[in-house]
Amino acid sequence: MKDTIFIQIASYRDKELFPTIRRALEQAENPSRLSFGICCQDELSAEEQAFLDSVPRCRIIYIHPQDSKGCCYARSLTQSLWQGEAYTLQIDSHSRFVKEWDRILLEQLHQCPSPKPLITAYCPDYESSEDSDACSYTLSADYFNSYDMLMLIAQLPIHFYRRPVRGAFLSGHFLFASSRWIKEVPYDPHLYFHGEEITLAVRSWTHGWDIFYPEKPTVFHLYQRTNHPENNPEDRICHWNEHSAFWKTDVVAQRRCRILLGMEKDTADFGIYGLGTARTLADYETFSGVNFRLKQLDARASTGFVESEPPALEDMPPRRTPKDNNHRVLCVTAFKNLKREEWVGFQRSEEDYVTWFRNLAALSRLNLVCYCESGMQKKLQPFFQKTVNLDIENTFYGKYGEREKEIMESETYRTLIKHRALHPEHRYWEYTLMTHNKVSFLHRATRQFPGYTHYVWLDFGGLRYPIDGRMDFDWSSLTDNLIHLQAFSTDLSRYQLEPAELCAQSPALIAAAMIVVPATAMEWFALAYEEELKHYQALGIADDEQNLLVQLVRKYPERFKLEQVHFWYDLLERIMCRPE
């Protein structure tokens, strides 16, 4: 059984299952080393059944969709099909693979400096293509949801490093390890969905498994299920949309997670689904930067890097010179201290901001101005070309703050947002108005610093970890008349876009980490944005800049160009030159 790989796939009514299996076999260096354990929750056609019957070394548990009990229950069943293969790969039923992925995975695992390594990542998307130059992403802690469950997020691209990077969090859609992991950390069938990844990370780590993020992607994942015809993402084919009582299971399961993580006292006996004894929960909290009981995250948790020294950056060839098409670009950012270290969830310290600003300012050939308060100016002046007094009252913050606060405190609004009540854009009016102020500061910069062809807003969060300064921005694709926005989907017609629906559901559509505005379009953009903000407030809705930008793109599609991204912190991949 040397080097054999057991592939675990839990599939719920997913027609991507069949090309996933086919591509796994076609792209493998040695297809004979592969076997499959599938929990198929579907009603199959004769053709689909014949295909599964033809797959070699394929073991299947069939469940009628009506009898399905959710993701973790199905993943637990896939593990029961293991028959002694040396390694296991857990993937979603909508995955693709690079050429010779099996050999690469085995090599990466053997590179990890640990007797019990586990490699994982948030994989690149394959909606548009299977790009061999794509990269996987590390995981980091994002926030505690309304049930006090820690939610994870894709953080930083991994391909800058020459070896696997140690981490603290793992992904459910891509996980590769020795099959000893199945025996020591079996999937808990009593969980539903929320809490799956963080509890699995803690259980694995306390059993002595070390988590690593691989430097080369081997698996691609489908995030937007566009192969299904539904227009509304809330109506997509998934378990919770077709089982109306799912929330009862989920609420009980999330309490089970809280008990396991020491957030709630109980005498529950988790048996084989409990923590390990190689390391303690307190050890994991120290290692990861997460305090579960206090619901606090430090810089390690927020970045996802836990090593005392970051891995050495890959030696890169000399960068190519960007073609700038005579564009003269001024980048703009801003900071106001909202005392986020005191927030309930989503905490950040002022030093976090300083570090991220420094990373941003360190990029070469970047003309950057920062609007900030005097205390922050002193800290940032060594890194920025220009630091300018914030003058916050002469912005949307000063003009519309009182109304925003009034809306957020109203019962009608609290009923609208429901489970999103803990998110900062619905909880702190100061934060929400600062997100809208991106437009205020861009507009101000055109008056204070005229002569540029384009003005670009850059979020500090786009660079939470330093990179090689030889990487550079490439402005060659900028247009002279269109406003460039980052977007998770370039086809917004597939979504319910009314302000109330957007606010309540908040699907990931526009990522506003970068906004590029031609100087000739700035006056129109500032006026149109302010009118939309006033319209939102007249409707009694307080929402962030991402959803408001959706409305502007919807109303004025001829004025915008949407640039496809796949992760919130995709700044590096989309606007920087890659060395040739």
Lys/Arg N to Asp/Glu carboxylate O, Lys399 vs Glu404, below 4.0 Å:
no
How about Arg293 and Met263: do any of their side-chain heavy atoms sit closer than 4.5 Å?
no
Between Leu539 and His535, is there a side-chain heavy-atom distance shorter than 4.5 Å?
yes
With distance as the sole criterion, is a donor-acceptor pair present between the side chains of His436 and Tyr529 under 3.5 Å?
yes
Consider only side-chain N and O atoms of Glu350 and Asn337, and report whether a donor and an acceptor are under 3.5 Å apart.
yes
Report the C-alpha separation of His443 and Phe525 in whole Å, then their side-chain angles, then the decisive distance to 0.1 Å, and conclude whether the ring pair (Phe, Tyr, Trp, His ring centres under 6.0 Å) test is met.
CA-CA 9 Å; His443 190 209; Phe525 184 50; 9.6 Å; no
Could you check whether Arg414 pairs with Glu411 (Lys NZ or Arg NE/NH1/NH2 to Asp/Glu carboxylate O, under 4.0 Å)?
no
Please report the closest heavy-atom contact between Phe174 and Pro214, naming both atoms and the distance.
CE2-CG, 4.1 Å
Would you call Glu264-Arg255 a salt bridge at under 4.0 Å N-O?
yes
Ion pair check, Asp459 and Lys438, cut-off under 4.0 Å:
yes
Using distance alone, with no hydrogens and no angle criterion, decide if Tyr400 and Glu530 have a side-chain donor and acceptor under 3.5 Å apart.
yes
Nearest heavy atoms of Leu297 and Asp142, plus distance in Å
CD1-O, 3.9 Å
Within a reach of under 6.0 Å around NZ of Lys555, are more than 12 heavy atoms found that belong to other residues, nucleotides or ligands?
yes
Classify the side-chain pair Asn437/Tyr371 by whether it contains a donor and acceptor separated by less than 3.5 Å.
no
Salt-bridge present (Arg554, Glu498; N to O < 4.0 Å)
yes
Compare every heavy atom of Met408 with every heavy atom of Arg427, then report the nearest pair and how far apart it is.
C-SD, 3.9 Å
Please determine whether the number of non-hydrogen atoms from other residues, nucleotides or ligands lying under 6.0 Å from atom NZ of Lys339 exceeds 12.
no
Under 30°, 30 to 60°, or over 60°: which ring-plane class applies to His173 and Tyr122, parallel, tilted or perpendicular?
parallel
Using only heavy-atom distances, determine whether the side chains of Tyr413 and His426 contain a donor-acceptor pair under 3.5 Å.
yes
Is there side-chain contact between Ile483 and Lys561, with heavy atoms separated by less than 4.5 Å?
no
For the student: nearest non-hydrogen atoms of Ile407 and Ser410, plus distance
O-OG, 2.8 Å
Quiz question: by atom type and distance under 3.5 Å, do the side chains of Asp544 and Thr432 form a donor-acceptor pair?
no
Parallel under 30°, tilted from 30 to 60°, perpendicular over 60°: which one fits the rings of Phe292 and Tyr284?
parallel
Closest non-hydrogen atom pair, Ile392 against Lys336
CG1-CD, 4.1 Å
Under a 3.5 Å cutoff, is there a donor and acceptor pairing between the side chains of Asp283 and Thr286?
no
Heavy-atom neighbours of Lys379 NZ exceed 12 at 6.0 Å
yes
So which of Leu191, Leu261, Thr199 actually passes side chain to side chain contact (heavy atoms under 4.5 Å, CB included) with Arg256?
Leu191
Heavy-atom closest pair, residues Phe144 and Asp148:
CD2-O, 3.4 Å
Would you please indicate yes or no on a ring centroid separation below 6.0 angstrom for Tyr143 and His423?
yes
